[in-house]
Asks: 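Here it is, the structure in full.
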Amino acid sequence: MRIKSKVESRKSKESYWAARLFLVLFFCFLSSAVDAQCAMCRAAIESEGNVKKKEAVNDGIVYLMAIPYLLVGGVGFAIYRMYAKKK
């Protein structure tokens, strides 16, 4: 059985993080076009006077807006921790 040296261990960790970062970026930029959805939501809200539906659409917009910020913040924190451990 062969024991890994410190250099080999560090390289494997770096390649592991590089692969994870690549996958995260790949899935962030992989999306399909859904341009018609905003017009559909507007039409659904304007056609009825339902207050609950308006609140639900607004909550959905806030939810969809918050997720990318959380993902970018998580990636930034992971990169910060990676550089902080090197020092």
Asks: Is there a continuous path of hydrophobic side-chain contacts, each under 4.5 Å between heavy atoms, that joins V75 to L25?
Replies: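 Cluster IDs for V75 and L25 match.
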
Asks: Hey, could you give me the NZ/OH distance between K85 and Y80, rounded to the nearest 0.5 Å?
Replies: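 Here the rounded value is 12.0 Å.
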
Asks: What's in the same ILVMFWY side-chain cluster as M65, cut-off under 4.5 Å, chained through other members?
Replies: Y69

Asks: When hydrophobic residues are tied together by side-chain contacts of less than 4.5 Å, even through go-betweens, does L64 share a cluster with I67?
Replies: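 They do share one cluster, since a chain of ILVMFWY contacts under 4.5 Å joins L64 to I67.
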
Asks: Look at the side-chain heavy atoms of Ile, Leu, Val, Met, Phe, Trp and Tyr, link any pair under 4.5 Å apart, and say whether L21 and Y83 land in one connected group.
Replies: yes

Asks: Find out if a path of hydrophobic residues (ILVMFWY) with successive side-chain heavy-atom gaps under 4.5 Å connects F22 to L71.
Replies: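 Each belongs to a different hydrophobic cluster.
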
Asks: Considering residues at least two apart in sequence or located in another chain, which fulfil the side chain to side chain contact (heavy atoms under 4.5 Å, CB included) criterion with V72?
Replies: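 Expected list: none.
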
